[in-house]
Amino acid sequence: MTMSGFRERPSRVTIAALATGVLALAVAPWVLNEFLLSLALTCLMYAGLAVSWAMFSGATNYLSLATAAFFGIGAYVTALGYESLTYPVSVFLGGLAASAFAAIVGVAILHLRGAYFAVLTFGLGELVRHAITFVEKKYSGTVGRVLTETPEAATVYLTVLVVALAAVAVCVAVRSSRFGLALAGIGADEQRAQTLGVNTRLVKIGGFALSAFFAGALGAAMAVRWTYIDPPAVFNPFIGFQTVLIAMVGGAQTVAGPLVASIVFSLLTELLRLQFPYLFLIILGTLLILLVLYLPGGIASLWTRKRAGKRDG
Amino acid sequence: MSLSLRWKALAVALLVAAGANAFAQDAPVRIGYAIARTGPWATGAQVSQEPNYIMWADQVNAAGGLNVKGKKRKVELVGYDDRSETETVVRTYEKLMTSDKVDLILPPWGTGANFAVLPLITKHGYPMLAPTATGRKLLQLKSPYFFALLQQPDVMMDALAEYLAARSTKTVAFIHVDELFGLEQASALEASLKEKKIQIVAKKSYPMGVKDLQPVLNEMKSLNPDAFVSLSYPPDTFLVTGQSKAIAFNPKVFYAAVGTAFPVYRDKMGAMVEGVMGLGTWNPKSSPAAKAYFDAHVAKFKKEPDRWASAHAWAGLQILQQAVEKAGVDRKAVRDYIAANEFDTVIGKIRFKGGENISTPGVVSQWQSGEFEVVWPPQRSTSASLYPKPAFK
Amino acid sequence: MGFWLELAASGLITGGIYAVVAMGLNLQYGLMRIMNISHGEFLMVGAYLTWWAQTILQVNPLVFLPVVALMLFVLGLLVYRLCFRPIARTAANAEVVEARSLLVAFGLMFIVQNLAYLVWGADLRGYTFLSDSVEIGGARFGANRLLVFGFALAASLALLAALKFTLFGKAVRAMMQSPTGAQLVGIDTAVLHPAVFGAGIALAGVAGALLSMVYEISPSMGEPYTVTALIVITLGGLGSAGGCLAGGLLLGLVEAFGMHFTSPSLKMLLSYGVFILVLLARPRGLFAR
Amino acid sequence: MAEPVLRAEEVSVHFGGLVAVDCVSLEVGSRELVGMIGPNGAGKTTLFHTLSGVLAPTSGRLVVAGENLTGRGAHIYARSGVARTFQTPRVFAAMSAEENVRFGLEFAGRSRTHAHDAFDNAASILGFLGLADSAGIPAGELTPAKQRLLEIGMALGARPKLLLLDEVAAGLTEGEVELAAALIRRVRDELGLAVIWIEHAVRVLMKSVERVVVLHQGRMIADGAPQDVARDPAVVEAYLGGEAGGEA
Amino acid sequence: MSAALSIRGLSAGYGPIAVLQGIDIEAAAGRLTVIVGPNGAGKTTLLKAVSGLIPREGEVLLDGARLSGSPASIVRRGLGHVPEGRQLFAQMSVLETLQLGAWLLPRGERSARLDEVLAAFPKLAERRNQLAGTMSGGEQQMLAVGRALMNRPRMMMLDEPSLGLAPKMIEELLKIVLRIRDSGTTVLLVEQNVAKALAIAEFAYVVERGRVVLGGSAKEVLASEEVRTAYLGTV
């Protein structure tokens with residue numbers, strides 16, 4: 001009884017809708033053309049990144065900009081293990097490597113708060129990028145790796161789908177678990193949570209590492225699309241920024257918010273990019289500002305507000 | 001409506017469709033590309049690459065269209081912004097090839113982006129003539145559809161070493177950026193110098209994004225080398241030039257790689273560029289064709305093309321045009337034609353072997369009174385080299 | 001000048017440039033909690049305006065500096081009015097201001113950067129200014145770099161003094177520590193708040209103008225400068241004018257000496273390493289209060 | 001005598017040069033209700049921070065239920081049976097009142113049992129506090145007075161042996177303070193907890209507890225029955241002022 | 001100099017939540033008027049609305065002239081407000097805080113006023129260089145009062161100044177409040193310490209659920225049966 005979720009559980013209708021959605025996503029490679037599939041892939045990548053980011057950062061209010069670092073570490077695992085590992089294995093190892101990295105640095109930096117944490121996590125990404133450049137150059141005389149034979153588009157898509165779905169599933173499970181309650185408590189008032197018996201340090205490290213796993217796995221999965229992997233390409237800070245942007249626009253305290261936002265944002269960006277080649281970023285920027293000013297709770301507030309209305313009525 | 005009437009309507013519809021199809025023979029040739037209009041790659045892409053695409057399409061259309069095996073068809077460019085993101089590059093070319101089904105493609109900007117589309121052009125059979133991709137690693141992928149127009153690092157560095165040897169240079173100090181380009185150039189330079197028995201007195205590398213190189217330059221200056229070579233990207237090229245001037249580091253030869261060929265280098269650095277050497281291939285004096293290209297570019301965009309990759313981009317378009325004239329828009333035929341023949345271009349004759357441009361020799365250029373003169377090899381030079389380089393002004 | 005002094009001077013000058021880059025953001029984020037991630041874009045606008053004035057109108061960039069400051073200040077007021085005032089008014093606490101301003105500034109970043117592409121194109125730009133070198137005790141430095149360093153020093157000290165000693169500066173600090181308290185002593189925060197934000201944008205513009213004398217410029221130049229600014233102000237301690245200068249100088253010195261003692265390749269590793277170590281030892285920056 | 005619930009031995013806390021708590025020793029036995037008074041800045045809240053593990057003492061020892069917990073994290077104290085409230089209510093604003101109480105039950109209270117059925121679940125704890133009606137309301141929307149009650153509820157969720165209450169009656173009118181005092185007595189009498197209660201409403205406090213400790217400038221200057229403490233000249237001088245004579 | 005404050009039909013709240021509904025209150029010139037009421041009745045909201053810290057409907061008159069909605073101009077008119085939670089500048093010294101209190105005074109008068117206030121609060125003078133955030137609660141409350149006094153207000157509003165203070169400190173504070181009143185400044189005091197407040201006030205209002213339920217002389221209010229049972233806790 002005490003293990004029951006602290007948030008509402010999804011209704012049967014939601015579950016049915018989700019199941020249909022997942023099925024539709026799974027058959028996509030045989031239905032969509034290459035471009036649409038690749039668009040779906042982008043949506044899934046950001047969905048996985050944003051949902052797993054929100055799982056930790058949304059709940060705890062620790063604004064992490066380390067996503068680019070985790071993503072890059074994952075991608076580099078693929079690059080390094082490319083010849084010896086199968087694709088799924090390197091995706092899994094990419095996640096593990098990012099997770100291990102997050103756990104190790106988490107021990108050192110998770111006592112920092114606010115902007116200091118944010119900028120430090122960003123700095124970490126840069127640190128890793130330059131460290132890899134340096135080490136790679138020192139031991140192989142060059143930087144970057146060329147992946148000659150890469151998996152089929154459908155394989156990549158299905159792999160990313162699995163990782164993204166796993167991210168969503170884990171995030172949902174975490175939210176209705178004690179672990180998720182602890183994370184939420186840390187976000188609301190860390191010290192209060194500790195005085196109520198939460199080992200906040202351990203929970204934070206765990207949450208950080210868990211969320212890093214998905215970013216790392218996604219990096220490892222996506223890397224094969226780019227043939228040539230070098231630090232500037234895979235430690236692109238913009239991937240991290242965009243993830244934060246999507247999660248926050250969606251409503252980082254929810255699961256569905258970042259999920260919906262990643263799809264809306266990716267599709268909208270693509271649509272505008274293709275339709276208004278020279279103006280799309282201006283339009284996108286304006287929309288973003290309007291959204292923040294007029295929908296301060298994020299996209300998720302569209303339905304959470306409705307639900308609150310129902311409760312009042 | 002009677003049944004027969006419906007059949008008639010259908011027949012009419014089919015006829016119209018067939019007519020449209022027949023008309024489509026003269027439909028424009030659709031040529032697609034993705035290129036950076038925003039983001040960090042845009043500076044390179046919008047100087048050396050996309051303006052050429054636009055100017056070429058305009059010129060071809062003004063002349064009545066592209067000659068496709070004797071038939072004139074208009075060119076329609078389908079260009080998208082890739083936002084300087086590799087994943088967007090891949091996605092956009094997938095769209096161009098599978099959704100838009102363009103007839104031909106033009107390459108994106110930069111080595112990384114070219115790497116990323118390589119599997120796609122191979123899979124879908126689109127020939128691609130790349131003006132801003134360098135590196136042996138690209139060629140080692142052996143895509144039959146990939147053609148690199150730029151001289152490879154070893155070719156360029158051999159030319160530099162030859163020039164240095166011709167001036168009986170004894171010692172060289174060099175720096176390079178820690179990135180694929182810089183590393184390949186550096187190892188090529190090292191090999192060439194070793195072969196010419198020129199001593200390397202100092203070699204340092206630095207990461208991208210550096211804002212100060214004065215301490216390194218001071219160190220190099222104290223070794224008093226005959227030549228200094230900076231295998232750098234534009235921001236660092238500017239930085240190295242300015243700071244070398246500041247500390248009065250005046251070797252007999254001062255060479256900086258990417259960026260020296262940009263007109264903005266001259267505009268930004270002013271008189272201090274006099275005598276600076278760098279990566280370049282041509283200038284308006286190289287040939288009448290080059291002059292015509294230069295003038296057209298200035299007339300259209302109110303800005304000069306750079307003296308390096310711009311002309312390669314234009315040459316690529318010329319090659320494509322010639323290939324289409326002979327082989328049509330059958331991409332396999334176009335590829336085979338490009339692979340098998342020699343072409344006349346703005347930078348001279350070009351022939352490919354294994355996707356590499358083996359005709360354009362390595363070139364050394366040097367700023368002299370506001371023009372980036374070709375000074376090596378002698379048969380290509382537009383001016384004698386200033387040697388030793390005058391002290392920075 | 002001895003070799004070491006020259007190395008130190010070189011580092012300090014670069015550090016001064018970092019400090020100039022960070023000053024505006026330090027007002028906005030350090031003091032006001034407005035996470036203006038489009039800081040670098042306004043810096044870029046300042047750089048372009050100066051370049052424009054120099055190449056088209058042949059105006060001396062130094063003469064144009066106050067004009068840039070004024071133009072950007074007005075632009076800042078406008079941006080504040082349109083984008084940040086609604087946030088400052090409705091947000092419940094500083095954390096909400098921070099989060100929402102971050103998103104709005106993202107939007108601004110897209111808009112400003114792309115307007116620059118539309119107006120000025122993507123090409124690298126630049127002009128020659130004060131490129132001659134100045135000799136100080138045997139060592140030589142670019143005059144334009146020295147100018148930026150001098151400005152960094154003067155502006156940081158002026159800002160420090162203004163915030164610390166003038167009543168106006170105290171009012172600014174007071175407003176950030178307790179907006180209600182400030183209102184109740186009669187400080188018109190509805191005027192002062194936008195003014196400080198505008199001053200932040202103006203400082204970004206001035207930094208851009210100064211940088212355009214040294215480095216080449218392009219519409220995408222902003223993001224790395226935003227990152228530099230964030231690192232400098234967190235290193236120094238948010239909101240501290242002295243910390244901002246010290247943070248910048250420290251980074252510059254680390255780079256110069258690091259480059260000499262190890263390899264220039266390790267430069268970035270060293271600066272990020274020092275940044276991380278400092279924050280681990282002093283979680284609120286060097287000059288935390 | 002049985003092992004005390006809490007034993008603080010010569011606890012000191014220094015902040016730089018400032019001595020906030022100066023060599024305080026204190027024992028609290030089970031079911032004891034102890035009032036703690038002292039002027040602002042006397043170190044009461046700092047002492048609470050050390051007793052609950054939020055702050056490690058600079059020197060001294062803390063023994064909870066016979067176990068030395070000096071230097072351990074606050075969660076260990078909570079799990080060992082020490083629960084507390086804060087001076088300004090620190091409820092989880094976005095969670096419902098029920099979830100707030102359940103938080104303690106899920107963590108510190110999870111491995112502990114308590115005989116009284118008020119501790120069964122969040123609903124029974126809310127019922128005990130008279131907050132049953134507010135169960136579903138986000139804590140941030142409750143009135144300040146109810147938030148203070150909810151803070152106690154969160155602490156009770158930890159199923160503690162010792163409850164540390166920091167100014168639960170601040171901002172209440174005298175009438176409301178009496179009700180709060182009655183509740184605190186019930187916590188001790190019915191639930192059987194030991195309680196240390198900081199409050200400035202001296203009159204009500206003195207009436208409700210059987211033992212008072214007085215802190216002044218970090219030192220414990222008195223520890224005894226309320227009537228004795230109220231007459232202690234040091235206490236009158238430092239804390240009570242003119243009020244003492246009239247009240248006693 | 002003294003002022004009279006008239007609040008007529010004042011309504012205010014936070015967003016959609018209405019807290020005050022048509023409040024009418026008069027604060028007589030040169031007198032001490034106290035407002036009591038249970039927690040959450042809207043007393044703090046009332047003072048915030050008068051000061052313009054939150055939007056309001058209805059009329060607020062100071063000496064017969066309407067007060068605008070802008071806090072800065074209200075302070076300029078001579079209304080001082082010692083707010084709930086003190087709202088001090090934690091990182092500023094006592095001296096700096098008081099200097100800021102003189103923000104609206106003519107430049108030439110500032111230092112003289114500073115000396116006056118420091119003379120009135122010897123404890124603050126002793127700690128002039130200490131940061132506000134590091135002082136004890138009682139000292140902070142004194143500083144908040146001193147800061148408001150710097151502007152030579154004609155009228156002072158104090159929001160629960162005794163909150164969380166030791167008995168001894170409360171007495172000292174109330175003495176300060178009386179001294180302010182005796183200097184001719186009109187005082188409006190919100191206080192949960194009902195017995196003590198009513199003992200020193202001339203007029204009193206009881207506010208419950210956003211409305212005035214009782215008002216009159218302090219003696220009358222003290223005598224009321226409801227007040228005795230609901231607020232004084234002694235039957």
Side-chain angles (χ1 to χ4, degrees), chain B residues 36-47 50-51 81 84 175-178 204-219 222 234-235 237-239 241-249 259 262-273 301-303 306 392-393, chain C residues 3 6-7 9-11 13-15 17-18 21 51 55 110 113-114 116-117 121-129 131-135 139-146 211-212 214-221 223-224 227-228 251-252 255-260 263-269:
Chain B
R37 290 177 187 146
T38 57
W41 303 349
T43 43
Q46 294 301 315
V47 171
E50 201 185 9
D81 181 6
S84 305
I175 59 172
H176 67 89
V177 59
D178 275 333
K204 294 258 175 182
S205 61
Y206 64 89
M208 299 222 283
V210 64
K211 289 281 164 209
D212 178 25
L213 283 168
Q214 192 157 332
V216 183
L217 293 171
N218 267 324
E219 225 174 303
S222 70
T237 297
F238 288 63
L239 182 71
T241 313
Q243 293 199 316
S244 294
K245 179 198 165 168
I247 62 166
F249 175 30
F262 291 3
V264 65
Y265 180 65
R266 172 195 63 201
D267 301 343
K268 165 78 187 147
M269 309 315 290
M272 75 177 86
V273 305
F301 299 111
K302 309 282 174 284
K303 68 179 188 193
D306 76 89
F392 280 111
K393 273 196 285 286
Chain C
F3 173 76
E6 187 174 345
L7 198 60
S10 174
I13 290 170
T14 312
I17 293 174
Y18 293 157
V21 166
W51 164 77
T55 50
F110 289 153
Q113 199 183 107
N114 279 272
Y117 278 119
D123 305 39
L124 286 178
R125 310 283 187 178
Y127 58 92
T128 319
F129 186 72
S131 65
D132 288 333
S133 57
V134 174
E135 199 170 313
R140 296 159 62 97
F141 302 98
N144 44 22
R145 292 176 84 87
L146 279 176
L211 289 180
S212 73
V214 182
Y215 300 110
E216 66 294 329
I217 63 179
S218 76
S220 61
M221 69 190 265
E223 190 242 23
V227 169
T228 305
L251 276 189
E255 286 184 11
F257 282 94
M259 241 189 236
H260 176 75
S263 141
S265 282
L266 283 170
K267 182 202 90 115
M268 293 289 187
L269 263 182

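So you know, we letter chains A, B, ... as the sequences are listed, proteins then strands, and number each from 1. Note that this is a predicted model, so its numbers are computed, not measured.
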Selection from B:G259, B:A271, B:P234, B:A248 maximising heavy-atom pairs under 4.5 Å formed with chain C: B:A248
Engaged part of C:E255 at the chain B interface, taking heavy atoms whose separation is under 4.5 Å: neither
Greatest number of heavy atom pairs closer than 4.5 Å to chain C - which of B:Q46, B:M208, B:R266, B:K303: B:K303
Worked check of side-chain contact (heavy atoms from CB on, under 4.5 Å) between B:V210 and C:M259: CA-CA 11 Å; B:V210 64; C:M259 241 189 236; 4.0 Å; yes
Residue, of B:G242, B:G270, B:P235, that accumulates the most heavy atom pairs under 4.5 Å with chain C: B:P235
Contact leader toward chain B among C:V214, C:N144, C:I17, C:L269, where contacts are heavy-atom pairs under 4.5 Å: C:V214
Set of residues satisfying salt bridge (Lys or Arg N to Asp or Glu O under 4.0 Å) with respect to B:E219, sequence neighbours excluded: B:K204
Spacing of OG belonging to C:S133 relative to CD belonging to B:Q243, to within rounding of 0.5 Å: 11.5 Å
C:L7 vs B:Q214, side-chain contact (heavy atoms from CB on, under 4.5 Å): CA-CA, chis, key distance, verdict: CA-CA 8 Å; C:L7 198 60; B:Q214 192 157 332; over 6 Å; no
Considering all heavy atoms, the nearest C:G142-B:A246 contact: N-CB, 3.5 Å
Criterion side-chain contact (heavy atoms from CB on, under 4.5 Å) on B:D212 and C:R145, from CA distance to verdict: CA-CA 10 Å; B:D212 178 25; C:R145 292 176 84 87; 3.6 Å; yes
Chain B contact via C:S10 - side chain, backbone, both or neither, heavy atoms under 4.5 Å: both
Contact class of B:E50 relative to chain C, heavy atoms under 4.5 angstrom: neither
Rounded distance (nearest 0.5 Å) linking atom OG1 of C:T55 with atom NZ of B:K268: 11.5 Å
Spacing of C:R140 atom CZ and B:N218 atom CG [to the nearest 0.5 Å]: 10.5 Å
Atom group of C:Y215 that falls short of 4.5 Å from chain B, counting heavy atoms: both
Interface moiety of B:I247 toward chain C, non-hydrogen atoms closer than 4.5 Å: both
Leading residue by heavy atom contact count with chain B [cutoff under 4.5 Å; candidates C:Y117, C:F257, C:W51]: C:Y117
Least distance between heavy atoms, B:V264 atom then C:G126 atom: CG2-N, 3.8 Å
Approximate separation, where rounding is to 0.5 Å, of B:F262 CZ and C:R125 CZ: 12.5 Å
C:T128 versus chain B, the contacting section by heavy-atom distance below 4.5 Å: both
C:F129, part contacting chain B, at a heavy-atom distance under 4.5 Å: neither
Most contacts with chain C, counted as non-hydrogen pairs under 4.5 angstrom, among B:G39, B:G44, B:G209, B:P40: B:G39
Distance in Å, B:D178 CG paired with C:K267 NZ, rounded so as to fall on 0.5 Å steps: 11.5 Å
Donor-acceptor pair between C:N114 and B:T38 side chains, under 3.5 angstrom: no
Side chain B:S205, main chain C:S265, donor-acceptor under 3.5 Å: no
C:Q113 versus chain B, the contacting section by heavy-atom distance below 4.5 Å: side chain
Portion of C:L124 that has a non-hydrogen atom of chain B nearer than 4.5 angstrom: both
